[in-house]
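Have a look at the structure below, then the notes.
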Amino acid sequence: MVLPVKIASFNVNGIRARIASVASWLERHEPDVLCLQETKVEDDEFPHEELARVGYETRVAGQTGYNGVAIASRHPLTDVKVGLFDDGPSAERRLIAATVLGVRILDVYVPNGKSVALPSFVEKLRFFERLRVTLDVSEDAARELVVCGDFNVARAELDVFDPGRFRGKLLFHPEEQRALARVLDFGLFDSFRQLHPEERRYSWWDYRGGDFRSNRGLRIDYVFVTAALSPRIRRAEIDVEPRREPKPSDHAPVLVELD
DNA sequence: ATGGTCGAACCTCGA
C-alpha cells in the first residue's frame, strides 16, 4: 500500500443536485478516494467531467431515480466490480468495489428498510447477509480492505440523538444492528469509533423539523477497515460543513486517513 | 403531533 491514504464516503442524495458542492469539497479536502451513494443517475448521465476537472476519475454503478453508487479517485482504479455476489442484471445498484493504491475499497448503499413492520425491512436484513457472503466469496479479510458507505443503521446509543425515542424503530432496531454486526464479524472495525470511543457525532439528519439545526441526528455512515489497517488510522472524522450549505444532502461526508 | 422536507421524475415515490 502507498501511504498515507485519505478515503472519504458521502451519501450525496442526488449527484446532479450536489455536483458543485461535491467538486468544491474535493478541492478543499483532496481525498485520494471519495465513495458516493445515492447518486440517483444513469451511468451515461453521470457528471464525470465536473469531477475530472478537479482531478478525479470516477467509476459508476447507477440507475434512474433511485440508489446508485460511484467511486471517484485521484489515482488509477483497478479490479472494478459492481454488485453483490448474487445480483442479476436488473438488481438495484448498491455496491461498487475497486482497488486504489493497493487498498481494496467497497462502497455500499444499504437499503433504508422503510419501516420495521414491512417486507422491505426483511429485504434490508437479507442485504446485510448477502453483503457478508459477497465479502466471504470475493474479498480477503487479511488484506488492506475498506468497506464504507451508508449502512442505514445506528450501531449504539451513542450514535442516536434520542435512543429512547428510536429504540425498536427503523435505523436503531436490534435486528438490523445484529445484521450489521455479522457483516463486521468478517473482520472489520469502525474507524471513527475506534479513534473517538466517547464522541457523540452524527452523519445524517432528517430534512424535516429543523433536525440539523437542533442536531437531532444519527451516525449511520461508516468507514470500516480490516485489522491490517485499524492500527494505522491517524484520523477519522465526520465533516458537518457541507450539511450547513444551502440545499445540502441530508448526510455529511465521513473520512479516514491511514498511514 | 404519525407531522415535517428533500431529489427525481412525474402529478407520487422513496428516503
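Because the structure is a prediction, the values reported are computed rather than measured. Each chain gets a letter, A, B and so on, in the order the sequences are listed, and its residues count up from 1.
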Between B:dG4 atom P and A:Arg165 atom CZ, what is the distance in whole Å? 15 Å
Distance, C1' atom - from B:dC6 to B:dC10, rounded to whole angstrom: 15 Å
Taking the same atom, P, in B:dT2 and in B:dT12, what whole-Å distance lies between them? 22 Å
Quote, to the nearest angstrom, the C1' distance that separates B:dC11 from B:dA1. 28 Å
Quick one: side-chain hydrogen bond (donor to acceptor under 3.5 Å, both in side chains) pairs with a partner in residues 103-122 of chain A, sequence neighbours left out? A:Gln37-A:Asp107, A:Glu38-A:Tyr109, A:Thr99-A:Arg104, A:Arg104-A:Glu139
Does A:Arg219 count as lying over the ring of A:Tyr202, i.e. NZ or CZ under 6.0 Å from the six-ring centre, within 45 degrees of the axis? no
Please state the P separation for the pair B:dA9 and B:dA15 - nearest whole angstrom. 15 Å
With sequence neighbours left out, write down each residue that passes salt bridge (charged side-chain N to carboxylate O under 4.0 Å, His left out) with A:Glu42, or none if nothing qualifies. none
Return a single string for nucleotides 6-15 of chain B, one symbol per nucleotide in 5' to 3' order, where B is base contact, S is sugar-phosphate-only contact and - is none, cutoff 4.0 angstrom on heavy atoms. SBSS---BSB
A:Arg143: which residues meet the salt bridge (charged side-chain N to carboxylate O under 4.0 Å, His left out) condition with it, sequence neighbours left out? none
So side-chain hydrogen bond (donor to acceptor under 3.5 Å, both in side chains) across residues 161-172 of chain A, not counting sequence neighbours, yields A:Glu157-A:Arg167
Suppose the criterion is side-chain hydrogen bond (donor to acceptor under 3.5 Å, both in side chains): which pairs have a residue in residues 14-23 of chain A, not counting sequence neighbours? A:Arg16-A:Glu45, A:Ser21-A:Glu245
